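Remember, it's 1-based here, ligands and their atoms both numbered in the order they're listed. Everything quoted here is computed from the prediction, not taken from an experiment.
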Amino acid sequence: MIPYGRHEIDAADVEAVVDVLEHQFLTQGEQVPRFEQALCDYTGARYAVAMNSGTSALHVACLALGVGPGDIVWTTPMSFVASANCARYCGADVDFVDIDPDTRNLSLTDLSARLQSAIANDRCPKVIVVVHYGGLSCDMKAIRALTEPYGIALIEDASHALGASYQGRPVGCGNWSDACVFSFHPVKSITSAEGGALLSNRGDVARRARLLACHGITRDPAEMVGQADGPWYYQQRELGYNYRLSDLHAALGVSQLKRLSSFIDARRQLARRYRSALADLPLQLPSDGEDGTWSSAWHLYPVEVLRHDRADVFEGLRRKGVGVNVHYIPIHLQPYYHERGFRPGDFPAAETFYHRVLTLPLFPSLSADEQSMVVTAVKECLT
Ligand SMILES: *Cc1c(COP(=O)(O)O)cnc(C)c1O
């Protein structure tokens with residue numbers, strides 16, 4: 001079965017991890033700061049805090065922006081559940097903004113309409129978690145313009161979008177948001193096995209994130225209440241977590257990041273080939289959004305099946321050895337969110353998309369032959 005996504009490990013990655021095992025600290029050594037610096041160098045962000053998952057980084061991002069009980073956080077229903085759960089961990093309520101059927105990202109029209117009524121009803125969100133679905137950045141400038149007048153903070157869930165660009169800048173640069181989160185799960189642009197990071201240009205957010213990801217403990221006398229007892233001294237300032245990344249994972253991340261550009265180039269080539277090979281079929285293909293300043297990381301290749309039964313096509317492709325998948329079941333339709341009052345029909349664009357979508361295999365080492373096999377199988381299932 002050709003999977004929808006797959007990581008790429010080479011000899012240099014293996015060597016980097018083995019070197020840590022044989023010669024370095026396994027945790028709290030030099031590799032994590034190196035990885036954080038490399039992420040800053042790549043994106044242009046001022047600060048990066050590596051963590052043990054993207055989900056941890058989303059949780060910490062919400063906490064660092066002051067999200068707590070009684071607050072409201074908005075996100076898109078067309079994402080992985082972690083984009084909404086991060087707010088629930090903080091005791092906040094979640095609501096959603098429907099998607100734009102073209103980009104599949106959060107809809108600016110719906111955002112604007114919901115903001116008007118939220119302001120009228122004094123139910124303004126404290127934070128909006130925007131998701132760069134499939135690796136294509138949201139229109140951050142436009143979202144910033146709509147939300148800034150109300151003091152709403154923005155978190156980018158850029159789990160799909162490391163290697164993408166927006167306005168000619170790498171996603172993660174921190175120009176249009178308060179925090180940006182990446183995931184290094186094996187299906188993402190690069191992997192550290194498990195891992196994530198929070199990037200920000202805000203010193204206060206980065207400092208707070210670092211504290212919260214390490215038990216709420218500081219060893220910096222400048223951050224302490226009163227005087228340090230001595231050189232052994234540390235202080236717990238708030239209730240934090242152990243969300244640290246290990247040096248083994250960070251070493252893999254550093255090694256992988258060196259190949260990010262080649263991974264993205266390979267994904268882009270494959271996406272172009274799908275676009276021309278599938279053009280005449282009854283499918284809605286993902287928009288490239290490529291205009292020189294705005295380019296996707298091509299994390300996913302989600303197509304919408306327009307005239308056939310999606311379940312039939314899904315099963316047909318699986319039978320032919322094509323490991324298609326569905327990204328995503330809208331978050332508000334999950335039982336956990338149903339119990340919180342959401343119902344089918346609440347976000348119709350996301351639901352329509354869900355009923356049609358199939359993710360085709362796309363990863364850097366997908367060979368031309370394998371891709372041709374996928375294309376042939378798709379054609380057979382649609383006739
Ligand atoms: C993968 C992913 C996450 C979670 O990342 P983990 O590192 O697996 O915790 C969050 N949001 C989106 C959109 C993702 O795709």
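His215 places no side-chain N or O within donor-acceptor distance of the main-chain N or O of Ile217, the cut-off being under 3.5 Å. Looking at His160, its side chain does come within 3.5 Å of a backbone N or O of Gly134 through a donor-acceptor pair. Side chain of Asp10 to main chain of Asp13: a donor-acceptor pair is present (N/O by atom type, distance under 3.5 Å, no hydrogens or angles).
What sits closest to atom 14 (C) of ligand 1 on the protein, heavy atoms only, is Lys188 NZ, 3.2 Å. Closest to atom 10 (C) of ligand 1, if we only count protein heavy atoms, is Ser159 OG, 3.4 Å. Of the protein's non-hydrogen atoms, Thr55 OG1, 2.6 Å is the one closest to atom 9 (O) of ligand 1. With hydrogens left out, the protein atom closest to atom 15 (O) of ligand 1 is His160 NE2, 2.8 Å, a heavy atom.
The N/O atoms of Gly54, backbone and side chain alike, include one that comes under 3.5 Å of an N/O atom in ligand 1. On a distance-only criterion, Asp157 and ligand 1 share at least one N/O pair closer than 3.5 Å. Close N/O approach between His185 and ligand 1 is not found [any backbone or side-chain N/O within under 3.5 Å]. The shortest N or O to N or O distance between Ser183 and ligand 1 is below 3.5 Å.
For the pair Leu300/Leu362, no side-chain contact is recorded, criterion being any heavy-atom separation below 4.5 Å from C-beta on. Under the 4.5 Å side-chain criterion, counting only non-hydrogen atoms from C-beta, Trp294 is in contact with Ser137.
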field: Test ring-ring contact (aromatic ring centres under 6.0 Å, His included) applied to Tyr42 and Phe182, step by step
entry: CA-CA 13 Å; Tyr42 182 83; Phe182 292 118; 8.5 Å; no
message: Let's go through Phe342 and Tyr336 carefully: what are the C-alpha distance in whole Å and the side-chain angles of both, what is the deciding distance for ring-ring contact (aromatic ring centres under 6.0 Å, His included) to 0.1 Å, and is it a yes or a no?
response: CA-CA 9 Å; Phe342 296 100; Tyr336 176 83; over 10 Å; no
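Among Arg210, Gln235, Glu223, Arg207, the one residue that satisfies the side-chain hydrogen bond (donor to acceptor under 3.5 Å, both in side chains) test with Thr218 is Glu223.
Close approach to Gly195 involves these atoms of ligand 1, each under 4.0 Å from a residue heavy atom: 7 (O). Close approach of ligand 1 to Ser53 (heavy-atom distance below 4.0 Å) involves ligand atoms 7 (O), 9 (O). If you number the atoms of ligand 1 from 1 as listed, the ones under 4.0 Å from a heavy atom of Ser79 come out as 13 (C).
In this structure, Ala57 has no heavy atom closer than 4.0 Å to ligand 1.
Only the side chain of Tyr328 comes within 4.0 Å of ligand 1, judged by heavy-atom distances.
Using cut-offs of 30° and 60° for the angle between ring planes, the Phe80 and Tyr328 rings count as tilted.
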